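Accompanying notes for the structure given below.
Note that the structure is predicted; figures quoted are calculated from it, not measured.
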Amino acid sequence: MDIDESLVRALLRDQHPDLAELPIRPVPGGWDNRLWRLGDELAVRMPRTERAPALLRKEHRWLPALAPLLPLPVPVPVRTGEPSDRFPRTWTVARWVPGEPSDAVPVTRGDHAAEALAGFLRALHREAPEDAPANPDRGVPLADFAAGFEAGFPLLAEHADPGAVRSTWEDALAAPVWQGPPLWLHGDLHPANVVVADGTLAGVVDFGEVCAGDPATDLSAAWLLLPEGAADRFFRTYARVDDATYGNGHARVDDATVRRARGWALLRAAGLIGIGRAGDRGLPGGKPTWGPAGRAALARVLRKS
């Protein structure tokens, strides 16, 4: 259905009248949800896919507990909108995270961003409780995605040496699987899900895929988000043993985890390139800014920097 300003304001008047007179303006982007800025400090997230309401409910359940642990701003939900005659799906009001999406404004201060990203993931990657959500597509063994890699391989091979792509993937598959406890994961760290200000990471958004599992899924962000040469600093910082800071005994990285993270980065790069190509062709769901981000990430993974 068409989601416009009049609908958003009417829903606020019905369910959250104290917010209904704040200025409303649309924000470009979004995949599962349409985003509207609400005043200076809030945002309204309106589902536009079938799966989006469940993702919003998951954020509302878990993000308020995780947010105080995290050193970067995140869009903590503050209100829930219930399905109604006006709009048949759950929607939310969340804190606004200032900055520009990284697919539009890439990181330029690599060292600073590497430290910021490593600190964020060290803080997040704590042992998750038994009732933490599982996700069939995040935090699981790379072998589950063998067919997906083969489907995406032609896209990667168009933009890089096919032999290097395949050898990197095979090395990731051969790495020992995660043996530690399931850790909290963001689950969807790609350039459109972080924001940048002053050339560095300023916030992390869209926690709809939050789950527990192998941290290698999130660690692929070293190549997806950071400029060339910053990955080494990221991993050194992430692996630093100063658990007094975060109270976290598991935020350490070994060679096998880095190898698996490269495999995840290849999968994500293929997805970004494919969605970027769809955007270039004007196809539904396509996003032109994702293509350059995916190609740059692919080059960084294969340069191992």
Nearest atoms (heavy-atom pairs only) where [X] meets [Y]:
{"X": "G208", "Y": "E59", "answer": "N-OE2, 2.9 Å"}
{"X": "P47", "Y": "A52", "answer": "CB-CB, 3.5 Å"}
{"X": "V140", "Y": "N135", "answer": "CG1-O, 3.4 Å"}
{"X": "L11", "Y": "S84", "answer": "CD2-OG, 3.9 Å"}
{"X": "A269", "Y": "G294", "answer": "CB-O, 3.7 Å"}
{"X": "S220", "Y": "A261", "answer": "CB-O, 3.4 Å"}

[Y] and [X], any side-chain heavy atoms less than 4.5 Å apart:
{"X": "L173", "Y": "F149", "value": "no"}
{"X": "L12", "Y": "V93", "value": "yes"}
{"X": "L56", "Y": "P77", "value": "no"}
{"X": "T217", "Y": "W178", "value": "no"}
{"X": "P133", "Y": "R61", "value": "no"}
{"X": "H125", "Y": "L185", "value": "yes"}
{"X": "R79", "Y": "L42", "value": "no"}
{"X": "L35", "Y": "P26", "value": "no"}

Honestly curious: do [X] and [Y] fall in one hydrophobic cluster under the side-chain, below-4.5 Å linking rule?
{"X": "V44", "Y": "L7", "answer": "yes"}
{"X": "W290", "Y": "V195", "answer": "no"}
{"X": "V107", "Y": "L117", "answer": "yes"}
{"X": "V97", "Y": "L70", "answer": "no"}
{"X": "L225", "Y": "V205", "answer": "no"}

TODO: Begin from the C-alpha positions of H60 and T90 and carry the test side chain to side chain contact (heavy atoms under 4.5 Å, CB included) through to its verdict.
DONE: CA-CA 11 Å; H60 202 91; T90 300; over 6 Å; no
If you round to the nearest 0.5 Å, how far is [atom2] of [Y] from [atom1] of [X]?
{"X": "R25", "Y": "R37", "atom1": "CZ", "atom2": "CZ", "value": "4.5 Å"}
{"X": "N33", "Y": "R45", "atom1": "CG", "atom2": "CZ", "value": "4.5 Å"}
{"X": "N193", "Y": "H190", "atom1": "CG", "atom2": "NE2", "value": "4.0 Å"}
{"X": "R233", "Y": "D111", "atom1": "CZ", "atom2": "CG", "value": "4.0 Å"}
{"X": "I24", "Y": "S6", "atom1": "CD1", "atom2": "OG", "value": "9.5 Å"}
{"X": "L226", "Y": "L201", "atom1": "CG", "atom2": "CG", "value": "6.5 Å"}

Open item on the list: Show, in sequence, the C-alpha distance, side-chain angles and deciding distance for Q15 and R86, and conclude whether the side chain to side chain contact (heavy atoms under 4.5 Å, CB included) test is met.
Closed with: CA-CA 11 Å; Q15 300 190 33; R86 291 188 190 276; over 6 Å; no
Side-chain ([X]) to main-chain ([Y]) donor-acceptor, under 3.5 angstrom:
{"X": "E100", "Y": "V196", "value": "no"}
{"X": "R9", "Y": "A20", "value": "yes"}
{"X": "T200", "Y": "A113", "value": "yes"}

Give a yes or no on whether a salt bridge exists between [X] and [Y], defined as a side-chain N under 4.0 angstrom from a carboxylate O.
{"X": "R13", "Y": "E21", "value": "yes"}
{"X": "D214", "Y": "R260", "value": "yes"}
{"X": "E115", "Y": "R122", "value": "no"}
{"X": "R262", "Y": "D171", "value": "no"}
{"X": "R259", "Y": "D255", "value": "yes"}
{"X": "E150", "Y": "R166", "value": "yes"}

[Y] and [X] aromatic ring geometry - parallel, tilted or perpendicular at 30°/60° bounds:
{"X": "Y238", "Y": "F234", "value": "parallel"}
{"X": "W91", "Y": "H16", "value": "perpendicular"}
{"X": "H186", "Y": "F207", "value": "perpendicular"}

Open item on the list: Can you confirm whether R95 is buried at CZ, in the sense that more than 12 heavy atoms of other residues, nucleotides or ligands lie under 6.0 Å from that atom?
Closed with: no
- [ ] Would you indicate whether D144, at its atom CG, is surrounded by more than 12 heavy atoms from other residues, nucleotides or ligands within a distance under 6.0 Å?
- [x] yes
- [ ] With salt bridge (Lys or Arg N to Asp or Glu O under 4.0 Å) as the test, would you mind laying out the steps for D198 and R109 before giving the verdict?
- [x] CA-CA 8 Å; D198 298 324; R109 295 168 59 197; 5.4 Å; no
Task: Residue among L219, L224, D206, V194 satisfying side-chain contact (heavy atoms from CB on, under 4.5 Å) with L189 - done: V194
TODO: Begin with the C-alpha distance, continue with both residues' side-chain angles, and end with the deciding distance and a verdict on side chain to side chain contact (heavy atoms under 4.5 Å, CB included) for W36 and I3.
DONE: CA-CA 10 Å; W36 295 80; I3 303 172; 3.8 Å; yes
Task: Steps toward side chain to side chain contact (heavy atoms under 4.5 Å, CB included) verdict (D14, F87) - done: CA-CA 11 Å; D14 288 346; F87 189 74; over 6 Å; no
- [ ] Please step through ring pair (Phe, Tyr, Trp, His ring centres under 6.0 Å) for the pair W184 and F120, ending with a clear verdict.
- [x] CA-CA 12 Å; W184 275 118; F120 176 85; over 10 Å; no
